[in-house]
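In what follows, a structure is listed as structure tokens, so that the remarks can point back to it.
Quantities reported herein were computed from a predicted structural model and do not represent experimental measurements.
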Amino acid sequence: MTTRNKDKTSTRRRFLKVAAAGAATAVAAPTIVSAQGPINMRWQSTWPSKDIFHEYALDYAKKVNDMTGGDLKIEVLPAGAVVPAFGLLDAVSKGVLDGGHGVLVYHYGKQTALALWGSGPGFAMDANMLLAWHKYGGGKELLAKLYESIGANVVSFPYGPMPTQPFGWFKKPVAKPDDLKGVKFRTVGISIDVYTAMGAAVNALPGGEIVSAMDRGLLDAAEFNNATSDRVLGFPDVAKVCMLQSFHQNAEQFEITFNKDKYNALPEKMKAIIASAVDAASADMSWKAIDRYSKDYVELQTKDNVKFYKTPDAILKQQLEVYDEVARKKSAENPLFKEILQSQIAFARRATQWEQDTVVNRRMAYDHYFGANAAAKKL
């Protein structure tokens, strides 16, 4: 063999060794990643395990777990398992928990402007429209700015539009604004200021503590959220009157939070799945709510003997007037509060005009099909 041929053979052997090593690395790499196992996250909700709200938290976790094929596994514990309900933000921010499920108004004590994501009349927007403002009207950027202002190390995803919440549960019907004076009442967020200005003695409590407080006489009345949650938490055991319709929380939604460091360490593909799961869970939650809340609304009346009354217009009007006074005061004290308020008003002005002009009032159709003549029976 000539020297030239020896060199060619030697070069070929070196090439084959390098190629084989590369192929082995390519084959081994997925095995190494797989060997690391799934990413596990421990979350907590701000709800008792029996509440449908905790079920919504589990629904979201399942969507993420399924969509990632088990590469990300979220375990959701109920309120109090690790920290109290009102301690969720701190726990997620500090990494005690990897994430959580709650509502922004529960952080009112940290920064009053956080309650603007759900506590108040929404300037005639419903919760879905407020979510539209959040996603497309500047709310997302303002929320990030707000959390940064208080040093919260979290990534937040508001989702899940809630229907208008009842004015509250009482021992007897509330007929006029003065009936609220001196009543020991539970609420949260900006509603604390609103109900206080209307004469109530307000105590902010997590959802799981309300009924026991009413049972012990620490509260005379309370508001929480919806027919299903209120029923399963035991409101009918301590009060038989529920006043429907209110502006105190007309446009609230849920919040999913991740510890920012934990979230930032995730692959981009997994972050995209998380965002898509938020949207999917938001839609699913709103559909499930219609089904479950309407069923329990019937059960509350037929099995639990609860009497429902529409909140008088005089009280609703007072709520709006008092809210405006509170909002002006908070805006004067807190520049971020004012900035967010003005952003919402600008979005609501065009969004609600479009809605009011476009969407037909369905009361006529309801009366036609289910009222005195009950046309539905003839179909």
Side-chain angles (χ1 to χ4, degrees), residues 43-49 51-61 76-80 83-93 97 99-122 125-131 133-134 139-140 142-143 146-147 150 152 154-166 168 186-195 202 204-210 222-226 228-230 233 246-258 278 281-282 285-286 288-289 293 340 344:
W43 284 27
Q44 183 187 293
S45 80
T46 54
W47 323 113
S49 58
D51 188 1
I52 193 172
F53 286 2
H54 187 68
E55 185 178 326
Y56 295 151
L58 296 175
D59 288 345
Y60 175 74
V76 186
L77 304 170
V83 295
F86 287 167
L88 183 65
L89 179 61
D90 282 341
V92 175
S93 181
L97 291 162
H101 183 281
V103 285
L104 282 96
V105 296
Y106 274 16
H107 316 322
Y108 186 60
K110 299 283 185 186
Q111 162 60 268
T112 57
L114 285 166
L116 289 170
W117 276 259
S119 186
M125 293 189 288
D126 64 12
N128 201 44
M129 296 174 82
L130 190 65
L131 279 171
W133 162 78
H134 175 82
K140 180 179 179 181
L142 287 167
L143 183 56
L146 201 54
Y147 273 135
I150 60 173
V154 298
V155 176
S156 170
F157 295 93
Y159 90 112
M162 301 182 193
T164 299
Q165 298 172 38
R186 179 271 178 191
T187 192
V188 292
I190 298 172
S191 303
I192 294 171
D193 302 88
V194 171
Y195 279 88
V202 176
L205 291 174
E209 299 178 20
I210 302 171
E223 63 80 31
F224 182 58
N225 196 276
N226 65 83
T228 299
S229 292
D230 291 356
L233 291 176
S246 180
F247 285 123
H248 80 283
Q249 283 178 314
N250 176 58
E252 193 176 10
Q253 63 287 130
F254 295 101
E255 179 190 36
I256 289 165
T257 51
F258 286 82
V278 169
S282 189
M285 170 265 151
S286 63
K288 179 181 281 190
Y293 296 177
I340 295 164
Q344 288 183 351

Inset, instruction - Take V278 and I256 through the test side-chain contact (heavy atoms from CB on, under 4.5 Å) and record every step on the way to the result. - result: CA-CA 8 Å; V278 169; I256 289 165; 4.2 Å; yes
Inset, instruction - Could you give me the CA-CA distance, side-chain angles and deciding distance for Y60 and V76, then say whether side-chain contact (heavy atoms from CB on, under 4.5 Å) is met? - result: CA-CA 10 Å; Y60 175 74; V76 186; over 6 Å; no
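- Q344 places no side-chain N or O within 3.5 Å of a backbone atom of W133 that could act as its donor or acceptor partner.
- Minimum interatomic distance between I190 and S119 (heavy atoms only, all atoms of both residues): N-OG, 2.9 Å.
- Partner of E252 under the side chain to side chain contact (heavy atoms under 4.5 Å, CB included) criterion, out of D126, T164, V105: V105 alone.
- Expressed to the nearest 0.5 Å, how far CG of L130 lies from CE of M125 amounts to 5.0 Å.
- Closest of all the heavy-atom pairs between M162 and N225 is SD-ND2, 3.1 Å.
- Between atom CG of residue D51 and atom CG of residue N226 there is a gap of 7.0 Å, rounded to the nearest 0.5 Å.
- Evaluation of the salt bridge (Lys or Arg N to Asp or Glu O under 4.0 Å) rule for D193 yields K330 as partners, not counting sequence neighbours.
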Inset, instruction - Please step through side-chain contact (heavy atoms from CB on, under 4.5 Å) for the pair Q249 and V188, ending with a clear verdict. - result: CA-CA 10 Å; Q249 283 178 314; V188 292; 3.8 Å; yes
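- A donor and an acceptor atom, one from each side chain of H107 and E255, are located under 3.5 Å apart.
- Residues G189 and A115 come closest through the heavy atom pair CA-CB, 4.2 Å.
- Taking the six-membered ring for Trp, F53 and F224 have ring centres closer than 6.0 Å.
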Inset, instruction - In sequence, state the C-alpha distance, the side-chain angles, and the governing distance for Y147 and L89, and then conclude on side-chain contact (heavy atoms from CB on, under 4.5 Å). - result: CA-CA 10 Å; Y147 273 135; L89 179 61; 3.9 Å; yes
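- A pairwise comparison of heavy atoms in D230 and P166 identifies OD2-CG, 4.5 Å as the closest pair.
- F157 contributes atom CZ, which lies 7.0 Å from atom NZ of K140 (distance to the nearest 0.5 angstrom).
- In this structure, the side-chain hydrogen bond (donor to acceptor under 3.5 Å, both in side chains) partners of T187, at least two apart in sequence or on a different chain, are E223.
- Taking CG of L77 as the start and CG of L97 as the end, the distance is 7.5 Å to the nearest 0.5 Å.
- Under the side chain to side chain contact (heavy atoms under 4.5 Å, CB included) criterion, D59 pairs with E55, Y56, D284, K288, sequence neighbours left out.
- Contact annotation: the side chain of P48 approaches that of L233 to within less than 4.5 Å [non-hydrogen atoms, C-beta and beyond].
- The minimum heavy-atom distance linking Q253 with P158 is given by the pair CG-CB, 4.1 Å.
- Between the CD1 atom in I340 and the CH2 atom in W117 there is a gap of 4.0 Å [rounded to 0.5 Å].
- A donor-acceptor pair is defined here as one N or O able to donate and one able to accept, closer than 3.5 Å; no such pair exists between the side chain of S49 and the backbone of P78.
- Heavy atoms only, all atoms of each residue included: S282 and L131 are closest at OG-CD1, 4.2 Å.
- Side-chain atoms of Y159 and H134 form no donor-acceptor pair, as typed in the model, at a separation below 3.5 Å.
- Under the 4.5 Å side-chain criterion, counting only non-hydrogen atoms from C-beta, W47 is in contact with V103.
- The structure places NE2 of H101 at 10.5 Å from CG of L88, a figure rounded to the nearest 0.5 Å.
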